[in-house]
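Structure record follows, encoded as structure tokens.
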2 protein chains.
Amino acid sequence: MRGYDKHAFEPFAVTVDLAVLTLRAGALHVLLVERGQEPYAGRWALPGGFLLPEESAETAARRELAEETGLADVTGLHLEQLRTYSEPGRDPRMRVVSVAFAALLPDPPQNSVRGDTHPAALEPHGGGDAADARWVPYDAAQGLAFDHDRILADARDRVGAKLEYTCLATAFCPAEFTLGELQQVYETVWGTALDRPNFRRKVLATTGFVEPVQGAARLTGGRGKPAALYRAGPATTLHPPLLRTPREGRPA
Amino acid sequence: MRGYDKHAFEPFAVTVDLAVLTLRAGALHVLLVERGQEPYAGRWALPGGFLLPEESAETAARRELAEETGLADVTGLHLEQLRTYSEPGRDPRMRVVSVAFAALLPDPPQNSVRGDTHPAALEPHGGGDAADARWVPYDAAQGLAFDHDRILADARDRVGAKLEYTCLATAFCPAEFTLGELQQVYETVWGTALDRPNFRRKVLATTGFVEPVQGAARLTGGRGKPAALYRAGPATTLHPPLLRTPREGRPA
DNA sequence: CCCTTTAATAGTCTCTACGACTATAAAGAG
DNA sequence: CTCTTTATAGTCGTAGAGACTATTAAAGGG
């Protein structure tokens, strides 16, 4: 920030990388694109792209998110800046500084990602080096291009930590959800089982976390007693937090 | 991250900005530099500078920190990446993307910052547009250059939040400290008073937070009963957290 | 030297929150 | 209907935190 009108400075390429996370079939999934060209041709990578001259990293991230997921309304999705990765050599060709984001969204319809239906019809953007786009289970997302393994792991760590003291979990849920679905978010991201009555008590005792949906407040569909529906409340932080205790959980 | 070998991309200037925080005389202080030239000439700003071609943002931040504070050992200091600020127009002259850091250090000796003793002898670096460097009480650090007010506020928020669930507070303390000093860290950053016996019980009950210093374990100096000395323990996170409850505190 | 002041440390009491657990209700499958 | 499955209600015991009192060990003032 100082002296750059008197001295030369190094120009950098600035990109955004997105760890787009969702829950599908009880497992954490991440949206990956397959690289079509070198370096790392054929390898999977996090979606992302360059900042345009007149947009912020947040704006670029939301634009890329819309392009990659094909979702119309990315305005309501939770987008969170993780950190910036700037190690020299993280891109073998040039100096690239990348601002990483985590995006959380409810399990989208199967065809909402273009790559799921027409891999070849993926609209090429930012150069068209993406051959495919696909939701991949988190545990299967290994060996990604560049330092994306690290970014993805950091994203999961951050999300897991923020579940404890923020209302972030509702970002994985649709507009109306059951407490069982909300509990599955915690169990899936943390990888631990939670006691259902205690989870219920805790969530309902936290003012502003969720609020009941009046009217057709019951959802059937599966077996068992229908669950009441809730929507996200006005709170953003949890007081007191919903702590992930190392010893918690019961064996299914 | 995609396609930049086929398409033009915008080059950006990348800088680091540092919110260097310490506690002095019972108040949170931040290290500011006075800008010597336009824009914002004469205004105070956070220290910072450009990334060199072969260094990461973390390396650049630590280098700037050493240069600005004049401290010999910046290796042990707590340096934490906050977030990256990339809004177009945040620098009136050009497009600058800045990676912001928070640095925490114990109250340094009065002469450790060059600007405190020889303002004119401040070694110019990155262009020499810093006319002075000074520790400023947090509440007096208003109207900073660029978007540094926002960065500084974000730094304080982050530090305050991390005091709850990490051992970050010891980063403000010298190698050996009393529990009273540790409590002052919390009280100063949070702006609330804490009950001393309860604070003591909580800290000592958290394994790995602090460990007693054997031998000359007592520090006198002021009035009252001498306090036992402690050093930072091996833990990095607090289980359970030391929560900042809205209602906590007693009126002095 | 005694007494006050100051600060550190020890301990008590109470209430809340949470983990563990049991019981009941409401649906579908057979 | 009966069994299974899932949601919901409630109970019990304990750990931890807030509020508070008491004791100890120093400095300072007369």
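Protein chains get the first letters and strands the later ones, always in sequence-line order, with residue 1 at the start of each. Atom set for the values below is all heavy atoms of this structure, side chains included, hydrogens, waters and symmetry mates excluded.
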Would you indicate, yes or no, if [N] has its OP1 or OP2 atom less than 4.0 angstrom from a side-chain nitrogen or oxygen of [X]?
X: A/K202; N: C/dA17; result: no
X: B/R196; N: C/dA7; result: no
X: B/K225; N: C/dT6; result: no
X: A/T245; N: C/dC18; result: no
X: A/R200; N: D/dA7; result: no
X: A/R223; N: C/dA29; result: no

Would you mind reading off the distance between [X] atom [atom1] and [N] atom [atom2], rounded to a whole angstrom?
X: B/H239; N: C/dC18; atom1: NE2; atom2: C1'; value: 16 Å
X: B/D195; N: C/dG11; atom1: CG; atom2: P; value: 16 Å
X: B/F199; N: D/dG18; atom1: CZ; atom2: P; value: 12 Å

Lys/Arg N to Asp/Glu carboxylate O, B/E58 vs A/R83, below 4.0 Å: yes
5'-most by nearest nucleotide on DNA chain D - B/P240 or A/Y230: A/Y230
Would you mind telling me which of [options] lies closest to the side-chain atoms of [X]?
X: B/P226; options: D/dA7, D/dA19, D/dA25; value: D/dA25
X: B/A227; options: D/dA17, D/dG18, C/dT9; value: C/dT9
X: A/N198; options: C/dG19, C/dT9, C/dC18; value: C/dG19
X: A/A228; options: D/dT8, C/dC21, D/dG18; value: D/dT8

Salt bridge (Lys or Arg N to Asp or Glu O under 4.0 Å) between B/R158 and B/D154, intermediate numbers included: CA-CA 6 Å; B/R158 174 78 70 91; B/D154 288 349; over 6 Å; no
Heavy-atom pair of closest approach, residues A/R156 and A/T188: NH2-O, 3.6 Å
Sugar-phosphate only, base, or nothing, as touched by B/R201 at under 4.0 Å among non-hydrogen atoms: base
4.5 Å side-chain heavy-atom contact, A/V99 and A/T84: yes
Approximate separation, where rounding is to 0.5 Å, of B/T170 OG1 and B/R231 CZ: 12.5 Å
Which residue lies more 5' along DNA chain C, comparing B/L204 with A/P241 via nearest heavy atoms: B/L204
